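One structure below.
In listed order, ligands and their atoms are each counted from 1. Treat the numbers as computed from the prediction; the structure is a model and nothing was measured.
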Amino acid sequence: MGAQRALLVTRRLTDAVQARAQRDYDAVLNDADRVFTSEELVERCQDVDAVLPCHSERFTAEVIAALPDRLKVIANHSVGVDHVDLDAAREKGIIVTNTPDVLSDATAEIAILCMLGAARRGAEGNRMIREGKWDFWSPAFMVGRQVTGKRFGILGMGRVGQVTAERARGFGMEVHYHNRRRLPPEAERGAVYHERFEDLLRNSDVLSLHCPASTATRNAINAETLALLPEGAILVNTARGDLVDEDALIAALQSGRLFAAGLDVFRTEPGGNPALAALENVFLLPHIGSATQETRDAMGFRALDNLDAVFAGREPRDRVA
Ligand code: DGY
C-alpha cells in the first residue's frame, strides 16, 4: 500500500512514526529539524505526492498555488489547521487532513498545568530557587490563588475544551463555556452555557482558550474583553497565540487587573514574547500541549492513516478540505 508514493515529512517526528513513514512511503525526512522558509517548502514539495507538515509550516495561498499538480494531500500532524489556507487547497484539489481527538488528554493536562502554574506563582517560585534567591519563608510568602470552587471559563467547547472541563471539575471548579453551538446535556455535564462571549468573560475566574484561530477569533482577547473579566482573573492559552493581543495582555498583567497568565502558545513561535517572559506573573511553556510520547505517536499514526486512506482511494477519516 502506497509503497511507491513520495512523501515529504517537514519536521522530526517520533521514531515509531518516522519508521512507519519510511516503511510505507518513499519518505524524505527533515533531519535538520528547522522550519523551512516558504521558498524551501515549495521547492521540497516539487517531487512528492504528499506532505506531512506540522502547525509550523505555513501553507499560504501563494505556497499552495506553487505546489506541483502531483501533490495530492497535506496530511497535517496537528489538530489546528490555521496554518493552511483551506480555500486555496480546495481550489487546487488538494486534500487536507488533521489529527483530532488523540491530543485532547495531553493538551488538557497542559492547560491545567498552566492554570496551576499561574495561580500558584509557579514561574516566580521556580526562578527564585534556580537563581539562589530563596532566603526567606513565612505564611505571608508567595501567596497565590486557590482554584478550588472557582469558575473555570472555556472559550471553545470542542474535544480539548470538554476534556479540560472534566479535569477542572476534578479541582472542584464550576465550568462555564461559550461555543458557537450549545452542547447536548450529556456533553455539557452541568457546565453553564453563555450564548454571549461577554457573559462568559464576566463569569470566569479562570478563562481557558480552546477555540481554533480564525479571522473570527483572532485577538478575541484584547483590551476590551480583558476588562470584562473579574478583577484578579487568570488567563490560560494552550490553543493559538493569535487569539490574544499580547500588548493588551501585558498591560492587564502589569496593572494587576489580571492576577496571572499561563501560556503555552504565542504570536511568535518559536521564541515567544520577551516582554511577557519578563513578567513574574506569567507561567510560560514552549508550545508543548501535545508533547507526550503516547500523543505524538498517536498524532503521527493518525496523519499516516489519513494518507494511507487517500492513496487507497478511500475517504480519509479526518478530512478538513
Ligand atoms: C496542534 O495539534 O494544533 C497543536 O498545536 C500542535 O501542533
Any ion pair linking D87 and R90 (charged N to carboxylate O, less than 4.0 Å)?
-> yes
Salt bridge flag under 4.0 Å for residues D245 and R218 | no
Out of R240, H77, E269, H83, whose heavy atom is nearest to atom 3 (O) of ligand 1?
-> R240
Under 3.5 Å, N or O to N or O, is [X] touching ligand 1 that way?
| X | answer |
| --- | --- |
| R296 | no |
| A239 | no |
| S290 | no |
| T99 | no |
| L103 | no |

Considering non-hydrogen atoms only, spot the tightest contact between L201 and P230 and give its length.
-> O-CD, 3.3 Å
Where do I74 and F59 come nearest, in terms of heavy atoms and distance?
-> CD1-CD2, 3.9 Å
According to the interplanar angle, ranging from 0 to 90°, do the rings of W134 and F141 count as parallel (below 30°), tilted (30 to 60°) or perpendicular (above 60°)?
-> parallel
Which heavy atom of the protein is the closest neighbour of [atom], given with residue, atom name and distance?
| atom | value |
| --- | --- |
| atom 7 (O) of ligand 1 | H55 ND1, 2.7 Å |
| atom 1 (C) of ligand 1 | V79 N, 3.4 Å |
| atom 4 (C) of ligand 1 | H287 NE2, 3.7 Å |

Distance-only side-chain donor-acceptor flag, R11 / S56, under 3.5 Å | yes
Please check if any side-chain donor atom of D318 sits under 3.5 Å from a side-chain acceptor atom of N306, or the reverse.
-> yes
If we number the atoms of ligand 1 from 1 as shown, the ones under 4.0 Å from a heavy atom of M299 are 2 (O)
For S78, the ligand 1 atoms whose distance to one of its heavy atoms is below 4.0 Å | 1 (C), 2 (O), 3 (O), 7 (O)
Using the six-membered ring of F259, assess whether NZ or CZ of R145 lies under 6.0 Å from its centre and within 45 degrees of the ring axis.
-> yes
